[in-house]
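For reference, positions follow the sequence shown, starting with 1.
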Amino acid sequence: MTSPDGSVSRRHLRVALDGWDVNLVDLGSVNGTQIQPPGDPNFYDIPPNEPVTIAPGTTVRVGVSRTLRFEAHRG
């Protein structure tokens, strides 16, 4: 993921599967990682170096301005 503003660390976030669960682990990045659960207007910091399971529809903010959304096609 590129970061013109420099807010995304070179080693920022790990995305890992545990069965059908998707886990995020912030790798101790300087600007952190936040999640916005589906239907929630707020973003929440995830703690560094601790796996956090996210649900489909979750928006993930990496650094200051980069976002991605997790969507699942599992029925």
(Q) Any side-chain to backbone donor/acceptor pair from His12 onto Asp26? Under 3.5 Å, distance only. (A) no

(Q) Would Leu24 and Ile46 count as a side-chain contact (heavy atoms from CB on, under 4.5 Å) here? Give the steps. (A) CA-CA 9 Å; Leu24 304 179; Ile46 66 170; 4.1 Å; yes

(Q) Hydrophobic clustering (ILVMFWY, side-chain heavy atoms < 4.5 Å, transitive) - are Phe70 and Leu13 grouped together? (A) yes

Q) How long is the span from the CG atom in Asn31 to the CZ atom in Arg66, to the nearest 0.5 Å? A) 13.0 Å

Q.
For Arg14 and Leu27: C-alpha separation, side-chain torsions, deciding distance, then whether side-chain contact (heavy atoms from CB on, under 4.5 Å) applies.
A. CA-CA 7 Å; Arg14 179 177 34 218; Leu27 301 174; 4.0 Å; yes

Q. Checking side-chain contact (heavy atoms from CB on, under 4.5 Å) for the pair Ile54/Ile35: CA distance, chi angles, key distance, verdict?
A. CA-CA 8 Å; Ile54 61 171; Ile35 59 170; 4.1 Å; yes

Q) Would a 4.5 Å heavy-atom cut-off, applied to side chains only, mark Pro47 and Val52 as touching? A) yes

Q. Got a second to check how far Gln36's CD is from Thr67's OG1, nearest 0.5 Å?
A. 9.0 Å

Q: Kindly state each residue pair satisfying side-chain hydrogen bond (donor to acceptor under 3.5 Å, both in side chains) with at least one member in residues 45-58, sequence neighbours excluded.
A: Asn23-Thr53, Gln34-Asp45

Q: Please report the shortest heavy-atom distance between Pro56 and Pro38, naming the atom on each side.
A: O-CG, 3.3 Å

